[in-house]
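Structure record follows, encoded as structure tokens.
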Amino acid sequence: MRKCEMGDGLFEFEIECLQIAEHATPGQFVQVRPAESGNPLLRRPFSIAGVDGKNLLLLIKQVGQGTSLICRKECGEHLDVIGPLGQGFPVPCEDKKYLLVAGGYGIAPFIFFTARHRHAQGEILYGAKTKNEIKFFAGHFSDMTSSGWNVSCITEEKIDGKSGLVTDLLEKDLCIRSEYEAVYACGPVGMLRKVAQIAKNYNLPCLVSMESRMGCGFGVCLSCAVPIKTVGTPVYRLACCDGPVFRSEEINWEKL
Amino acid sequence: MRKCEMGDGLFEFEIECLQIAEHATPGQFVQVRPAESGNPLLRRPFSIAGVDGKNLLLLIKQVGQGTSLICRKECGEHLDVIGPLGQGFPVPCEDKKYLLVAGGYGIAPFIFFTARHRHAQGEILYGAKTKNEIKFFAGHFSDMTSSGWNVSCITEEKIDGKSGLVTDLLEKDLCIRSEYEAVYACGPVGMLRKVAQIAKNYNLPCLVSMESRMGCGFGVCLSCAVPIKTVGTPVYRLACCDGPVFRSEEINWEKL
Amino acid sequence: MTKEFAPDLSVKLGRLHLKNPVSVCSGTFGYGEEFSDFYNPSELGALVTKSVTLEERAGNPPPRIVETPSGILNSIGIQNVGVKRFLEEKVPFLQTLKTVRIVSVAGSTQEEYVEVVKMLEGTKGIDAVEINISCPNVKEGGMSFGVSAGSAAALTAAVRRATAMPLIVKLSPNVTDIVEIARAVVDAGAEILSLVNTFRAIAIDIKTRKPALGAVTGGLSGPAIKPLALFHIFQIALKMDVPVIGMGGIMTGDDALEFVFAGAHAVAVGTANFIDPFTPLRIIEHLKEYCRLNNVLKFTSLIGEAKKQIG
Amino acid sequence: MTKEFAPDLSVKLGRLHLKNPVSVCSGTFGYGEEFSDFYNPSELGALVTKSVTLEERAGNPPPRIVETPSGILNSIGIQNVGVKRFLEEKVPFLQTLKTVRIVSVAGSTQEEYVEVVKMLEGTKGIDAVEINISCPNVKEGGMSFGVSAGSAAALTAAVRRATAMPLIVKLSPNVTDIVEIARAVVDAGAEILSLVNTFRAIAIDIKTRKPALGAVTGGLSGPAIKPLALFHIFQIALKMDVPVIGMGGIMTGDDALEFVFAGAHAVAVGTANFIDPFTPLRIIEHLKEYCRLNNVLKFTSLIGEAKKQIG
Ligand SMILES: Cc1cc2nc3c(=O)[nH]c(=O)nc-3n(C[C@H](O)[C@H](O)[C@H](O)COP(=O)(O)OP(=O)(O)OC[C@H]3O[C@@H](n4cnc5c(N)ncnc54)[C@H](O)[C@@H]3O)c2cc1C
Ligand SMILES: Cc1cc2nc3c(=O)[nH]c(=O)nc-3n(C[C@H](O)[C@H](O)[C@H](O)COP(=O)(O)OP(=O)(O)OC[C@H]3O[C@@H](n4cnc5c(N)ncnc54)[C@H](O)[C@@H]3O)c2cc1C
Ligand SMILES: Cc1cc2nc3c(=O)[nH]c(=O)nc-3n(C[C@H](O)[C@H](O)[C@H](O)COP(=O)(O)O)c2cc1C
Ligand SMILES: Cc1cc2nc3c(=O)[nH]c(=O)nc-3n(C[C@H](O)[C@H](O)[C@H](O)COP(=O)(O)O)c2cc1C
Ligand code: FES
Ligand code: FES
């Protein structure tokens, strides 16, 4: 394993695992074990941010005990990883345009997506809290651009007097353009909810990658339930194996 | 904190703690916290092996989860230590001779004892499992010798065809010499039991440093009970505050 | 004796013959198929399915899982496909396995348990049923069947009449006196006991100041409960003579040995499956190795050693 | 409101007034004096002594303590100096303290409890008694007073008649229905409840294959039991209106807040005292800071928030 700190508690990990690298598709994730000793017990899910030969790329943001333990591991240490897990984003059609919307580390699956699908093209809208975050991803953004994807960023922190949310960008973009086949989104649930609403307003199909607490990651513990729109008794689908990517209109946003 | 690996899972730690270094006496111990996260929960007791200005010397042998975590700490890291705790060995009389018997890391309090009491003199008998262990302590042994203490070693592993237990040395020594004021011993309970027996046979006062599982180290949890010889209902004394050094004839060896 | 002798790990639990004493806990192994990406479940001594109810159940609202020190708290709410779909969709895979296949059954009323068991009766690929008596009892006002000797016995007796299959009853540890319940269900026809189910527990989310689980109350599992589970198993071993499948926080081979010494005839791995899906296989290997190193020819001679030693 | 306002941490538990809601658990703080090397116990909201019995007790044979995942298992056996020496040797120190001083009382028979309480009655330096009903009841054949509503109530009533002091009853969590016991002791005259005591548990030493504790069975404490303790406290908060001192695995200020939101009026620190003797003071600071950051003027407004929120 190799890691590199990008700053503000954000780390890039490169993990050698041919088995996973060979089979991974964008939108899928892996389960990483934070501690041998058992505190915390459970693995932590992270989107696959890319593959490079037999290596796997992950972007990990330190937010609690598990991610702190993972980020404290030393280069060269072994990382216990299970994957690839879940259903990723569908393969884009070559002649269609896509709108990818990401918030924070939600950019991870789209780094993989744009690297894998160089033939496709479209727009990437990225929202961050701080301008630092945008700097961290500068390299990835220029890779995306050279793969034919156009990147627009916005931050909650003011840059040159401008600030805002990625959903503001989305509204603006859809106001002037209408050639998209679909919107794909990954980020915090509040953002996803808003993206789903906006896409619906513009009558665009929308896929969202949902976060959920996961006990196992491979469909046996049934803890990663995502509420689904139904009439009558509630229905849940599993983020780890039915998702994490769902059609936004499937999801019962009110129960989240 | 600084540490140095002597080999075979044995480490020497130097910890800056003026407060403890100032007040420590040989035979006392400190309680070291192995993990912030709480697995294992309890502190681990270690004899004070010396003080050097504001520094504290510990010898720590890796035997389980707690000692492994402590020994894995990096130089410069902070070590959470409480002490000095317990009752140490009494100050020796200047014109008397003492016989110190140690097994394994049980040498620790005697390194401190002989450094502190340069005026006293006598014999040190040291028993080890392997010849490596003797090498590790070579420096300490030569310090002891120059403080006027005579050191004899024996190992369970054959060296030049000879091998044996430290209690064999003790028998032999007491056979030929009888000028000792007392025997002081520190090591595994099996060794202490035998030393106590031999000292009794030679009518010598004997002090032993007892190991016990410790919940707190400062007399409140009552978990470090050492059975005391009585008639009728059992009586216990606390290794952490009544001991760890006890008169051997006080102890109910059968209940250990 | 050579180092390479093969110890006999097999164990008899009533009418069930397990080739090794390692099973998996209901609700932590899906319906078996989910693990076939990792290994062939036929390597297990036995397996227990997720609890099956008469009707399909959607389960509880999320969050359904919270971590606590050395434990996890869950409130899945017996989400399952229902016995009909279970028979159609899940049993065919079980039929391909060469291990003891145990179906866990749950319900809100005695009638529901009986009906499910009747539907399972005679199905190829099912070797035994395990009755999960920790479900809330709708008729008795939400307390579970498993916390009163009377309702536990009545339920066991009713199921006993409904099936000729080997009958396992899974006990709840949330009781004052586990032996009282254990005696009642054995008298009512249980052939094997399995314990423990999870412990009632809650966690509070400091940020919202609310219970952290969507369903408020959950069940605690994992290493945190191991010493509690061992206590209950030891009580039964001291006072009764019934085969016991022990579970609760087993992560390693040494944990499994603790259960065996305490009196468990077999062990089941639960929460550990989520963390390292290969845990049951590692434990089988560890037990084999332990027997070899200690010249134990038959695993069964280790059962209840702690009891023997305190007389 | 300025950032520097001083929140009111005081809390009333029946007739007891605590200047802050942080106490320490019986058996984890000696008789108070042992901690004066670390800090002045007067800083605590209250303190509870080691349980005192009529006669001096030697305690159980070692080993008396074993570590388990996120927990410790103890079988001290109420080693204590007996009430006579307690009054002579320990009370003088208590008299110097400016905090609520609670004496924990234990016994093997109802008569023993009553006699100890009578001897404490009217002593300067004692503000309340806490009845530890988790001791084995010799007359009822070794089960503890605390696991049956009848014996718990009878004991409480007998002690109630023997003293005019504020009466706290400390509940055992090893019961099917904590609310049943809680109601019984409150009806019998308990003014305050404290819970939980330790959970019955064992550990097996793999090397000897025997129970790891000298006394075989012990009590589990520490972070492992926190979600279980919270469950019991929440049950009482939902169904009763009685002041509760909450304990079980509290290590941090956030842990303490969980107990408060679940319904505890005050909290007590136990096992954590062994690991970091300053834990209670850190928790007091944390609560103060939490109130400041959240503009909480009176700590008491936080009690039972989790209940309010689920309605
Ligand atoms: C499919 C999927 C893909 C993900 N991809 C990435 C990624 O590429 N990079 C990355 O940095 N993170 C990713 N995450 C999030 C990551 O898994 C969590 O940040 C991590 O599990 C937190 O663990 P922790 O122990 O550090 O925090 P904890 O101590 O467990 O929690 C810290 C805080 O985060 C909240 N939280 C924890 N886990 C979740 C969750 N799963 N959903 C919502 N809130 C939670 C807790 O309630 C708490 O408030 C992904 C999550 C999922 C489900
Ligand atoms: C007063 C005193 C002074 C000590 N001085 C030193 C010292 O100078 N250097 C040093 O290396 N060690 C010393 N020890 C021993 C040291 O405390 C233990 O080795 C350590 O606590 C083991 O912790 P662990 O988590 O690594 O092992 P664990 O995982 O806790 O245990 C490993 C094995 O050791 C046994 N064990 C653990 N603790 C004890 C104990 N206290 N007594 C007997 N058996 C035990 C366990 O049963 C187990 O078999 C001293 C102990 C005491 C009581
Ligand atoms: C996520 C989860 C789901 C569970 N579902 C069931 C179930 O459906 N039926 C059942 O009898 N037990 C169920 N259990 C309890 C386990 O079978 C087992 O008794 C308990 O978890 C203790 O073992 P462990 O600590 O090894 O997990 C479940 C446990 C977990 C963690
Ligand atoms: C070593 C030890 C000794 C204890 N002794 C007593 C006691 O004498 N009386 C009592 O009521 N509780 C006793 N307890 C229980 C504690 O008071 C407390 O209820 C329990 O440990 C749970 O809190 P914790 O997890 O914070 O330790 C003891 C606990 C420990 C760990
Ligand atoms: S995380 Fe276990 S089923 Fe999805
Ligand atoms: S270790 Fe706690 S009293 Fe001795």
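Convention: sequence-line order gives letters A, B, ...; per-chain numbering from 1.
The number of heavy atoms from other shown groups lying within 6.0 Å of CD (D:Glu55) does not exceed 12. Enclosure of atom CD in D:Glu115 is not indicated, since only 12 or fewer non-hydrogen atoms of other residues, nucleotides or ligands lie within 6.0 angstrom. For B:Lys229, the NZ atom counts as densely surrounded, since its 6.0 Å shell holds more than 12 non-hydrogen atoms of other residues, nucleotides or ligands. Remark: D:Glu88 CD is packed, more than 12 non-hydrogen atoms of other residues, nucleotides or ligands lying under 6.0 Å away. Open room surrounds NZ on B:Lys255; 12 or fewer heavy atoms of other groups in view lie less than 6.0 Å from it. The number of heavy atoms from other shown groups lying within 6.0 Å of NZ (D:Lys90) is above 12.
For the pair D:Pro223/B:Leu41, a side-chain contact is recorded, criterion being any heavy-atom separation below 4.5 Å from C-beta on.
Of all the heavy atoms in D:Phe274 and B:Cys221, the pair that sits closest is CZ-CB, 3.3 Å. Taking each heavy atom of B:Arg213 and D:Pro63 in turn, the nearest pair found is NH1-CB, 4.4 Å. Across every non-hydrogen atom of D:Arg64 and B:Leu222, the tightest pair is NH1-O, 2.7 Å. Nearest heavy-atom pair across B:Tyr236 and D:Pro62 is CE2-CD, 3.6 Å. Nearest heavy-atom pair across D:Ala58 and B:Pro234 is CB-O, 3.0 Å. Considering every non-hydrogen atom in both B:Phe218 and D:Pro277, the closest pair reads CZ-CG, 4.1 Å.
For chain D, the nearby parts of B:Pro40 are the backbone and the side chain; heavy atoms of each come within less than 4.5 Å. For a residue to count as touching a neighbouring chain, one of its non-hydrogen atoms must lie under 4.5 Å from one of that chain's; by this rule D:Ser70 touches chain B with backbone and side chain alike. Contacts of D:Gln79 with chain B are made by both backbone and side-chain atoms, with heavy-atom separations under 4.5 Å.
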Step by step, work out the side-chain contact (heavy atoms from CB on, under 4.5 Å) result for B:Leu42 and D:Ile65. CA-CA 11 Å; B:Leu42 297 174; D:Ile65 195 168; 3.9 Å; yes
side-chain contact (heavy atoms from CB on, under 4.5 Å) assessment of B:Val220 paired with D:Asn273: CA-CA 9 Å; B:Val220 298; D:Asn273 288 313; 5.8 Å; no
Go through B:Ile82 and D:Phe38 one step at a time and tell me if the side-chain contact (heavy atoms from CB on, under 4.5 Å) criterion holds. CA-CA 10 Å; B:Ile82 295 181; D:Phe38 297 115; 4.2 Å; yes
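Contact count versus chain B (heavy atoms, under 4.5 Å) is highest, among D:Ile76, D:Val66, D:Asp276, D:Ile275, for D:Ile275.
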